[in-house]
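Scope of the values below: all heavy atoms of this structure, side chains included, with no hydrogens, waters or symmetry mates. The sequence lines fix the lettering, A, B, ..., with proteins before strands; numbering per chain opens at 1.
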Amino acid sequence: DPMRVAFGDIATVESLHLLAALERAKEKGVDVQVTFLKSEDIAAQAVVSGQADIGIGGPYALLQKVKAPIRIFLQLSKLQFYPVVNTEFYKEWKDLNGQEIAVHSRGSGTEAIMQLMADKNGIAYSNISYVPGAEVRTGALLQGNVKATIVDSSGKRILEKEAPGKFAFLPLGEVAATDEALFANTDYLSKNTKDVEILVEAILTTWREVAADPKATIALREKYKLLPDATPEMVADIDPYFAEAAATLPLNGGGEDAAKDDFDFYTVSGALEGKAADLKVEDFWDLTALNAVLAKIGTK
Amino acid sequence: MANPMPARAAEQSGTATSDAIVEVRDICKRYGDIEALRGINLEFERGKLTTLLGPSGCGKTTLLKIIAGLVPATSGQIRINGKVVTGPGPERAFVFQDFALMPWATVLRNVSFGLELKGVPQAERHRIAKHYISEVGLSGFEEKYPHELSGGMRQRVGIARAFSVNADVLLLDEPFSAVDEQNRRKFQEDLLQLVEKERKTFLFVTHSIEEAVYVSDRIVLLSPRPGRVSQIIEPNIDRSAAPDVIRRDKGYLDVVEEIWQGLRQYAE
Amino acid sequence: MANPMPARAAEQSGTATSDAIVEVRDICKRYGDIEALRGINLEFERGKLTTLLGPSGCGKTTLLKIIAGLVPATSGQIRINGKVVTGPGPERAFVFQDFALMPWATVLRNVSFGLELKGVPQAERHRIAKHYISEVGLSGFEEKYPHELSGGMRQRVGIARAFSVNADVLLLDEPFSAVDEQNRRKFQEDLLQLVEKERKTFLFVTHSIEEAVYVSDRIVLLSPRPGRVSQIIEPNIDRSAAPDVIRRDKGYLDVVEEIWQGLRQYAE
Amino acid sequence: MKLFGFKVPMMTSLLFWALVWEVVGRMDVIFLIPPMSAIVSAGFELVATNSWQNASLVTLRSFVVGMALAIGVGVPLGIAMGRFKIVDNIFGLWVNMFVSAPLSALVPVLMILFGLGETTVVVTVFLFAVWIIVLDARAGVMQVPPSLIEMGRCYGASSITIFSKIILLSALPEILAGIRIGLIRGVKGVVIGQILVSIIGYGELFELYSRSFDMERFWALTIILFAAAMLLSAAVELFEKRIEYYAGAR
Amino acid sequence: MHMAATPHKVSATGGAGSGSSTIVETLAEFARRRKSFWVVLSLAILFTAWEIAGRVPISFAFPTFLETFAALIEMTLDGTLLPAYAITFQPLLIGVAVSAVLGIGLGIAMGLSDKAEWLLAPVFIVLQAAPMAALVPLVTFVYGIGLVAKTLAVIMLALPVIVLNSYKAVRHVNPSLVDMCRSFQGTRLQQIFKIIIPDATPVLFAGLRLGIAAGFIGVMLAELLITPTGIGDLITYHRSIANYAHMYAAVASIIAVSTITLAVLQYVEVRFLRPEKRRK
Ligand SMILES: Nc1ncnc2c1ncn2[C@@H]1O[C@H](COP(=O)(O)OP(=O)(O)OP(=O)(O)O)[C@@H](O)[C@H]1O
Ligand SMILES: Nc1ncnc2c1ncn2[C@@H]1O[C@H](COP(=O)(O)OP(=O)(O)OP(=O)(O)O)[C@@H](O)[C@H]1O
Ligand SMILES: [Mg+2]
Ligand SMILES: [Mg+2]
C-alpha cells in the first residue's frame with residue numbers, strides 16, 4: 001500500500017528538507033505519495049476521513065475534539081514567528097492595547113503567541129483578524145493594509161530587505177511549541193510500523209544533516225531534482241532560509257518533552273481546553289515509532 | 001343558447017351517409033373546465049372539400065385534431081370509411097398551420113418523411129417525394145432547407161408531404177394564414193387545381209370567409225365556444241369558371257354576405 | 001424592367017400639387033447592397049386615404065418610414081405642407097404594425113404618451129386621451145394594461161394614440177395584419193367612419209387588395225424590389241353605401257380584379 | 001463600431017487595453033501590473049517548463065473527465081426532465097437551486113466524499129457545469145414545437161422514433177448552448193477546485209506564483225487560462241451558428 | 001445565463017369526480033396541484049439519503065443529517081450564525097450595490113453607444129467567461145484583507161454579469177417602441193428614460209438577480225481564499241477543530257440562504273415587473 005501523505009501547503013523552498021526526506025523514504029522502499037492541499041485543516045480533514053494516512057500540521061485542537069483516534073508521532077518544526085509592527089503606528093507591545101492585529105487563523109499557533117504575549121503584557125486587542133499565509137501578511141504589511149501582525153522568518157527577511165527600519169520586531173519570550181508535526185490514525189500507525197519508522201528515520205537523519213550543514217539542502221535539491229522549475233529568486237532564498245532555520249530544527253522529533261511544552265502553550269492560547277497538567281501525552285502522541293528510531297540512531 | 005340547426009343542415013346530415021368517408025358522431029370535448037366542443041355530428045363526403053368556419057376559439061382546430069386522431073374526444077366517435085378510429089391512421093394526413101417542417105432536413109427529406117416513417121426504401125420514397133414536390137411547384141428546391149424558403153413555399157412542402165403518403169383525407173388547419181395576402185390568393189387557385197387533380201377529401205379550417213366560399217364544396221359554420229354546428233352551407237359555385245369570374249359571381253357574393261352577417265355578431 | 005407608369009398616374013402626379021400635404025420627391029433608398037426604393041415621386045392629397053400596395057419586400061414599410069422621418073432616405077426629399085422635412089414632426093403620426101404599446105403603461109398612459117412627450121399637463125392630456133379612447137370604442141379600458149387586451153383592441157389603442165397628438169397625417173403600416181379576418185372586416189368599416197369623422201390624411205400600407213380597394217381614395221401600386229411606382233389607381237367608390245353594397249359593387253370588383261391581375265405575376 | 005468608415009471588429013479593443021496595460025506596467029505603478037510585454041515573454045518561457053506542461057495535463061484531464069461526465073449526465077437528465085413530468089418534479093428543485101448556488105462553499109465538503117486530488121477536482125468541474133446543461137437540455141426538449149411531434153404521430157411514428165428523429169434533433173441548439181455555457185463554468189470549476197482543495201495543476205502554479213510575487217508568470221498563466229476559456233466557448237459558438245437557422249425555421 | 005422560471009402552476013383538473021377518493025388518490029391529486037409536494041418529497045429523499053450515508057458512516061468527517069441539523073439549530077441559538085451572516089452580508093451587499101449602480105450604468109452606456117460597446121464589451125465578455133477565482137487572492141496584495149478586499153471580490157464576480165445583462169437588455173429593447181418615441185419627437189433623453197430603461201427593466205432586474213448569485217459565489221470565495229470571516233470563518237474554523245457537523249451546517253445554510261434570496265428576487269421580478277408573465 002502506498003503511504004498517502006497530505007501536505008497542507010504547496011511545495012516551496014521552505015519545505016525542501018521535508019521533500020528530500022520523503023525522497024529518502026522512497027529510496028528505502030516506502031511508496032510515499034504526497035498530495036498538496038490548500039490548508040492544514042484540509043490535510044487534517046483528509047486524515048480524519050481516511051483519505052490520507054499521514055497529515056502534516058499542528059492539529060492539537062482537532063485531536064481533542066475529533067472522534068477518530070488520531071495521534072501525532074513526530075515533530076517537524078517549532079513555532080518560529082516574529083511579531084511585527086509598523087513603526088509609524090506602534091513601537092512596543094503596550095502600544096497594541098486596544099488595537100487590531102492579524103494572525104494566521106483561528107486557534108493557530110500565531111494566534112496563540114499573540115494571545116500569550118498580550119496576557120504577559122497585560123494588554124487586550126480590539127480585534128483579531130485572520131489572514132492565512134505569512135507571505136500574505138507580509139505583503140499586507142508592506143502595502144500598509146495591516147499595521148501589526150506576526151510573520152515567519154522569510155517574511156521577516158523580506159520586511160528587512162524591502163523596507164529597512166520601517167517595521168519593528170517585538171520581543172518574544174521563550175516559546176517552545178510545535179508548529180508542524182506528522183500525525184496519523186492509530187490504526188495506521190500500528191499496522192504500518194515499519195514504513196512509519198523508515199519515514200521517521202529519514203526525516204530525523206535529514207534534519208540532522210541540514211542542522212549540521214544548512215547548505216546541504218542545495219545539494220539535496222539537486223540530487224533529488226526537487227522544485228525543478230523554481231525561479232532564480234526562489235533558489236536564491238534557499239541558503240538564507242536554512243541558515244536561519246537550521247538552528248531551530250527539532251533533531252529528536254519532539255516526543256514527550258515537546259508534548260508537555262505544547263500543552264502549556266496551547267492551553268494558554270485556548271486551542272486546548274483544560275489544564276496543561278491534566279492532559280495526557282498518550283491522548284495526543286504515539287511515541288512508538290519515534291522511540292524505536294531514536295533507539296536505533298541515538299538522540300542528539 | 002339553443003343549437004340552431006337550420007333545415008338545410010338537418011337534411012344534409014340525414015342523407016349524406018351513403019358516401020361519407022369521415023363521420024363525426026356526438027363529439028364532445030372538454031379541456032379541464034373549458035368546454036370546447038358540444039355534440040358535434042357531421043359527415044364529410046368523399047372527394048369534396050369541406051371548410052370549418054367560425055369565430056376564434058370556437059374549436060375548429062380541436063375538431064380537426066380529433067378527426068386526425070391527435071386529440072382524444074371526451075365523448076363521441078369518429079368513423080373513417082365506416083370504421084371507428086381512435087388514433088392517427090394512414091388514411092388521414094394533416095397539414096399544419098405552422099408547417100411543422102423539420103428545420104434540419106432538406107425539402108426532399110421533409111416531403112418523404114411520412115414515407116420514411118412507414119419504412120419505404122429511400123429510392124422509392126425519393127421518387128414519390130419528387131413527384132409531389134414538382135406537383136406543388138417546388139421543383140429545383142429539393143436540396144434546400146426550410147429556412148431558405150419563403151412562408152408560402154414552406155406551406156407547399158407541408159402539403160406535398162401530406163400528399164406523398166397517399167392518404168384519402170387531408171386535414172388542413174388554416175394552411176394559408178402564415179402566407180401573405182397576395183400569395184394566399186394564388187394558393188387558393190392552386191389548391192383548387194390540386195383538389196381537382198388529386199381527387200381527395202379535404203377538410204379545411206380558415207378564418208377567411210372569402211377563402212371558405214371560394215374553395216369549398218361545403219361550409220360548416222361553428223358557433224362560439226362551446227362549439228356546435230350552427231349552419232351548413234353549400235356554395236354551389238361553378239368551379240369550372242375562371243377565378244375572377246367566380247369572385248364576382250352573384251351566388252358567391254351572396255354566400256359571403258350571408259356568412260358575414262352570421263359571424264359579424266361575434267366580432268369584437 | 002422599365003418603370004411602367006400608366007397615363008392615369010402621370011396625370012395624377014401632374015395635377016395634385018395644389019392640395020398635396022405630403023410630397024415625395026425622387027426618393028431612393030439603399031440598405032447596404034440592397035436597393036429598396038428607386039426614384040419614388042408621389043403626392044398625397046389632404047384629407048384623403050392613400051394606400052401603398054405591392055408584393056412583399058417591395059419597400060412599402062421603408063417608404064412609409066421615410067415619410068415619417070424614421071428612416072433617412074439615401075437621396076430625394078420629403079415635403080410636408082411644402083416644407084422639406086428630415087425627421088419626425090408633429091404633423092405626422094405613425095401607427096405600428098406591432099402596435100408599439102408600452103407594456104408597462106395603462107391604455108390611458110399609452111394613448112396620452114405622445115402628449116406626455118410634448119409636455120402637455122397631465123389633466124389636459126388625460127382629457128384628450130379619454131376622448132380618443134372612447135372614439136375608438138375602448139371606453140372603460142383606460143386602466144387596463146396592453147397584455148389584458150386582444151390584438152384588435154391593442155391596435156385601436158395605437159390608433160387612438162396617433163389621433164391624440166392631432167397630427168394632420170396618419171401613417172399606418174399594415175395596421176390590421178395582426179387581427180383576425182373577421183375582426184379585420186369590422187375594423188375596416190370602423191376605420192372608414194373615423195376617416196369620415198376626423199378628416200385627416202391617411203397613408204396606409206396593406207397586403208390585402210380588397211382592404212385597399214375598400215378603404216382607399218387612391219391606391220399606389222409598387223413594383224418588386226427595387227420598389228418603384230408601377231401604377232396609381234383611384235377606385236372612386238361611393239362610400240356612402242352600406243358595406244355589403246360596396247363589396248358587391250361592380251366598380252369595386254373591377255378594381256380588385258385589375259389590381260390582382262397586376263400583382264399576380266409577382267406572387268410566388 | 002466604425003472608425004474612419006471602416007468597421008472595427010469589437011474584439012480589437014482588447015488590443016487597446018493590452019496597450020494601456022503595457023503603459024501602466026512601464027510606469028511601474030504597482031508591482032501587480034508588470035508590462036504586458038514582460039508577461040508575454042514570461043508566458044513563452046512558462047509554456048516551455050515541465051511544471052506548466054504537467055499542470056496543463058493534470059488540469060486538462062480533470063476538465064475533460066469532468067465535462068464528459070457533466071455532458072453525459074446532464075443532457076440525458078435534462079431530456080428526461082423535459083419529457084417526463086415526474087422526473088422534472090423530483091429534480092427540478094435541485095437543478096434550479098444548484099445552477100445559481102454558491103458552489104464554492106460546497107467545494108470543501110466535496111473532498112470528504114471524493115477524496116483528495118483529481119477526483120475532487122473532476123467532481124467540482126462536474127458540479128459547476130452540469131446544472132446549466134440540464135436546464136438548457138430541458139428547455140430545448142420543452143420547446144420542441146408541438147406541431148412537429150403531432151406531425152410525427154400523424155404519420156404513424158412510434159414514441160421512440162419521435163424521440164430520436166424529432167425531439168433530439170429539435171432540441172440540439174439549446175443542448176449545444178447549454179454545453180457552451182457549461183464549458184465556461186467547467187473552466188471556472190477546475191480552477192476553483194484546484195485552488196480551494198487540492199493544490200494541483202494550475203491551482204498549484206497560481207499559488208506558487210502569487211506567493212513568490214512572480215506577477216509576470218501569474219498573469220501569463222491567467223491569460224493562457226482566460227484565452228482557453230474564450231476559445232472553447234468560441235468553438236462551440238461556431239458550431240452553434242451553423243445550426244442557428246433552427247430557431248428561425250420553426 | 002439561464003435560470004428557468006418556475007411559476008407556481010396550479011393546473012385545474014376537471015372531469016374526474018371527487019366523490020370517494022383513497023389516500024393515494026388524494027395524495028396524487030395534491031401532487032398534481034401543488035408544486036410544494038415535490039419540493040417536500042425531494043427534500044425528504046435527499047435528507048434520508050444523507051442520514052443513511054452519515055450513519056454508515058462513509059467517513060468520520062461526514063456527519064449525519066440530524067447531527068448537522070442539530071448543529072445548525074445550535075449555531076442559530078447560541079448566536080454565532082446570525083452575526084456571521086451579518087459579517088458575510090456586508091461585503092455582499094456593498095459589492096452588489098456597487099456592481100448594480102456601476103454595472104447597470106456601464107451596461108446602459110454600452111447599449112446606447114457603439115463606442116462604449118467597442119471599448120468595454122470585450123473586456124466584460126472575457127471577464128465573465130474567465131475563472132476569476134484565480135484572481136481573488138491578488139486582491140489581497142492591493143487591498144489587504146478587510147472589507148474592501150472582499151467587496152472587491154464580490155464586485156469582480158458580480159459586475160461582469162450585471163454589465164453584460166444590462167447591455168443586452170438595452171440592445172434588445174423593442175425597436176418599434178423606440179421608433180414610436182421618435183415619431184412623437186421624443187428627445188434622446190425622453191427616449192432613454194421613458195422607453196429604453198422601462199422596457200429594459202425586467203431584463204435589467206434579471207441581470208441583477210444573476211449578479212447577486214455571482215456575488216454569493218464571490219463572497220464565499222473571498223471568505224475562503226482571502227480571510228475567513230462570517231460564514232467562511234464558520235466553515236474553516238469548524239473544519240480546523242473537526243466540528244464537521246457545524247461545518248456542514250454552515251455550508252448548507254449559505255446555500256439555502258442564497259437559494260431563498262434568489263427565489264424571492266425571482267418572485268418579486270415576476271410579480272412586479274412582468275405583468276404579462278404573471279397572468280399565465
Ligand atoms: N390544450 C388545451 N388546453 C386547454 N384549453 C384548450 C386547449 N386547446 C384549446 N383549448 C381551448 O379550447 C377552445 C377551442 O380551441 P381551438 O384551438 O380548437 O379553437 P379554434 O377555433 O381553432 O381557434 P382559432 O380560430 O383561434 O384557431 C379555446 O377556447 C381554447 O382556449
Ligand atoms: N434595416 C434593414 N436593413 C437591410 N435591409 C432592409 C432593412 N429593412 C428593410 N430591408 C430590405 O428592404 C426591402 C424592403 O423592405 P420593406 O420592409 O420596406 O418591405 P415591405 O414592402 O414593407 O415588405 P412586407 O410586405 O414584407 O412588409 C426588403 O427587401 C428588405 O429586405
Ligand atoms: Mg385554430
Ligand atoms: Mg412592411
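- With a 4.5 Å cut-off on non-hydrogen atoms, C:Phe99 does not touch chain E at all.
- Between E:Ile195 and C:Trp104, the shortest heavy-atom contact is O-CH2, 3.6 Å.
- The side-chain heavy atoms of E:Phe184 and C:Glu116, taken from C-beta on, include no pair separated by under 4.5 Å.
- For chain E, the option among C:Val71, C:Val95, C:Asp98 with the highest count of heavy-atom pairs below 4.5 Å is C:Asp98.
- Taking 4.5 Å as the limit, some side-chain heavy atom of E:Asp179 sits within range of a side-chain heavy atom of C:Lys65.
- Neither the backbone nor the side chain of C:Leu171 comes within contact range of chain E; no heavy atom of the residue lies under 4.5 Å from a heavy atom of that chain.
- Chosen from C:Gly89, C:Gly69, C:Gly158, C:Pro146, the residue pairing most often with chain E at heavy-atom distances under 4.5 Å is C:Gly89.
- The closest side-chain heavy-atom distance from E:Leu177 to C:Phe96 is not below 4.5 Å.
- Taking every heavy atom of both residues into account, E:Arg182 and C:Leu70 meet most closely at NH2-O, 2.7 Å.
- Contact annotation: the side chain of C:Met102 never approaches that of E:Lys194 to less than 4.5 Å [non-hydrogen atoms, C-beta and beyond].
- Rounded to the nearest 0.5 angstrom, E:Gln185 CD and C:Glu91 CD are separated by 7.0 Å.
- C:Arg92 contributes no side-chain N or O that, together with a main-chain N or O of E:Ser183, makes up a donor-acceptor pair within less than 3.5 Å.
- Enclosure of atom NZ in C:Lys48 is not indicated, since only 12 or fewer non-hydrogen atoms of other residues, nucleotides or ligands lie within 6.0 angstrom.
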